[in-house]
K.L.:
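Right, I'll just put the structure down here and ask away after.
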There are 2 protein chains.
Amino acid sequence: MATKAGVTAREIEVFDRFTAQRGLRHSRPRRDILCTFLDEDRHLTADEILRLARRRNPRVGVATVYRTMKLLTESGLCRELRIEDGAVRYEHLFGHGHHDHLICSQCGRLEEVVDPAIERLQDRLCEQKGFVADHHRLEIYGRCRTCAGFRKTPPRQRSVRRGESR
Amino acid sequence: MATKAGVTAREIEVFDRFTAQRGLRHSRPRRDILCTFLDEDRHLTADEILRLARRRNPRVGVATVYRTMKLLTESGLCRELRIEDGAVRYEHLFGHGHHDHLICSQCGRLEEVVDPAIERLQDRLCEQKGFVADHHRLEIYGRCRTCAGFRKTPPRQRSVRRGESR
DNA sequence: TATGATATTGATAATCTTTATCAATATTCA
DNA sequence: TGAATATTGATAAAGATTATCAATATCATA
């Protein structure tokens with residue numbers, strides 16, 4: 001999954017370098033949001049990040065969440081994920097190579113996967129088409145091992161419908 | 001590309017069967033929106049469809065565009081496309097098998113591609129992971145043949161930023 | 001063809017997400 | 001410390017999509 005909780009020292013270092021380079025200052029809200037994001041494995045929405053960040057610091061505002069997540073994206077620590085349900089989620093990038101996603105339509109779980117053979121074929125495809133690839137996104141929708149199995153109690157239901165976060 | 005302009009008879013037939021099955025009625029606005037969508041090759045946003053539909057019938061409203069596009073999606077004639085810029089676009093599905101996309105970040109052009117070998121490897125990957133795939137989306141971002149080449153005049157610039165349609 | 005039941009529409013309000021504004025505050029450096 | 005200015009949070013604003021609802025159009029039936 002995403003970055004392990006607690007192992008955030010190097011991410012913070014990366015972010016510090018990024019801010020220094022841009023002449024940005026250190027601020028409490030920014031740090032709170034960063035740590036909230038780093039401590040959580042799941043792919044969170046802006047609203048989820050806001051709620052969690054407010055547990056650390058109730059004064060954090062929405063705008064700062066969006067501002068900070070934009071900075072994190074620019075610093076290469078995270079990436080926006082737009083899946084079929086229309087929700088935008090933020091995903092950890094540091095310490096991860098590129099990866100694709102298996103998305104369970106039933107429980108909403110996202111599994112990160114990489115298949116070098118697929119990557120190679122994609123490169124070949126682009127070559128054939130004269131297309132200079134920069135990056136790509138592959139999402140496979142279906143049912144995860146758990147949900148697909150014949151279990152009596154499916155894992156925690158999580159709607160993947162739009163507006164579910166509220 | 002998408003469906004050729006004019007070749008819409010069978011799509012209309014498909015939609016008629018769909019509406020009949022659901023006990024829906026025929027209406028002028030619905031037909032105008034359907035034809036607008038079918039006649040256009042590009043991947044249009046709801047707003048673009050609205051504008052074009054109003055050329056045929058100035059009384060068409062926004063809500064009806066969204067309602068109709070939802071019906072078209074359910075009938076299998078189109079699919080929502082969410083690319084990185086955040087815009088939602090509608091794409092033709094009828095007469096198309098599944099396909100992936102090469103998206104030019106410079107001119108905004110979308111090329112539809114299929115690579116059976118990639119599809120096979122994806123199936124294999126899912127098998128390995130115990131994932132029961134239903135469908136998938138692959139988008140490769142970069143520069144198309146034209147934009148990547150050393151041409152003096154790049155093709156019609158089309159911003160791919162959010163809110164560009166307005 | 002007239003008619004009644006009801007599907008459909010368009011205008012508009014409402015909702016949700018994200019961004020812009022701006023005065024107040026916090027940070028940094030000399 | 002104090003001045004310069006980056007940052008913040010509240011809130012307004014913007015954009016996209018959906019819900020509401022009275023007016024209208026469609027269609028089966030008489």
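Chain identifiers are assigned alphabetically (A, B, ...) following the order of the sequence lines, protein sequences preceding nucleic acid strands; residue numbering begins at 1 within each chain.
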K.L.:
Which whole-number value in Å describes the distance from L50(A) CG to dA10(D) C1'?
P.N.:
13 Å
K.L.:
Expressed in angstrom and rounded to an integer, what is the separation of I33(B) atom CD1 from dT9(C) atom P?
P.N.:
7 Å
K.L.:
Give a yes/no on whether any side-chain N or O of S27(A) is located under 4.0 angstrom from OP1 or OP2 of dT8(D).
P.N.:
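Answer is yes, contact under 4.0 Å.
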K.L.:
Look at all strands and tell whether R67(B) reaches a base, only sugar-phosphate, or nothing, counting heavy atoms closer than 4.0 Å.
P.N.:
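Result for R67(B) = base.
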K.L.:
Using whole Å, what does the distance between atom C1' of nucleotide dT6(C) and atom CZ of R22(B) come to?
P.N.:
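Taking atom C1' of dT6(C) as the reference, CZ of R22(B) is at 17 Å.
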K.L.:
For A46(A) and R25(A), find the nucleotide of DNA chain C closest to each by heavy atoms; which residue's nucleotide sits nearer the 5' end?
P.N.:
A46(A)
K.L.:
In whole Å, I'd like the distance from the CZ atom of R82(B) to the C1' atom of dA16(D).
P.N.:
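About 11 Å, once rounded to whole Å.
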K.L.:
Whether E111(A) and R109(A) form a salt bridge (side-chain N of Lys/Arg under 4.0 Å from carboxylate O of Asp/Glu) is what I want to check.
P.N.:
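Answer for the salt bridge query: no.
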K.L.:
Send over the distance from Y66(B) OH to dA19(D) C1', rounded to a whole Å.
P.N.:
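Answer to the nearest Å: 14 Å.
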K.L.:
For dT9(C), take OP1 and OP2 only and decide whether either is under 4.0 Å from a side-chain N or O of R59(B).
P.N.:
no
K.L.:
Thinking salt bridges, do K70(A) and E74(A) make one under a 4.0 Å N-O criterion?
P.N.:
no
K.L.:
In terms of the nearest nucleotide of DNA chain D, which residue is placed more toward the 5' end: V62(A) or L24(B)?
P.N.:
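It is V62(A) whose nearest nucleotide is closer to the 5' end.
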K.L.:
Under a 4.0 Å threshold between the charged nitrogen and the carboxylate oxygen, would E91(A) count as salt-bridged to R79(A)?
P.N.:
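Answer for the salt bridge query: yes.
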K.L.:
Could you check how far NZ of K70(A) sits from C1' of dT7(D), rounded to whole Å?
P.N.:
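Computing the K70(A):NZ to dT7(D):C1' distance gives 16 Å.
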K.L.:
Are R30(A) and dT8(D) close enough that a side-chain N or O sits under 4.0 Å from OP1 or OP2?
P.N.:
yes
K.L.:
What are the two closest heavy atoms between L50(B) and V60(B), and how far apart are they?
P.N.:
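What the structure gives for the nearest pair is CD1-O, 3.9 Å.
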K.L.:
Closest nucleotide of DNA chain D for A63(A) versus for G23(A): which of these residues is on the 5' side?
P.N.:
G23(A)
K.L.:
In terms of the angle between their ring planes, are H43(B) and H101(B) parallel, tilted or perpendicular, with boundaries placed at 30° and 60°?
P.N.:
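Because their plane-to-plane angle is over 60°, the rings of H43(B) and H101(B) count as perpendicular.
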K.L.:
L34(B) CG to dT9(C) P: how many Å, rounded?
P.N.:
12 Å
K.L.:
Which nucleotide in the set dT18(C), dT28(C), dA10(D) lies at the smallest distance from any side-chain heavy atom of H26(A)?
P.N.:
dT28(C)
K.L.:
If I take atom OH in residue Y90(B) and atom C1' in nucleotide dT17(D), what distance separates them, rounded to the nearest angstrom?
P.N.:
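For the pair Y90(B) OH and dT17(D) C1', the rounded distance is 9 Å.
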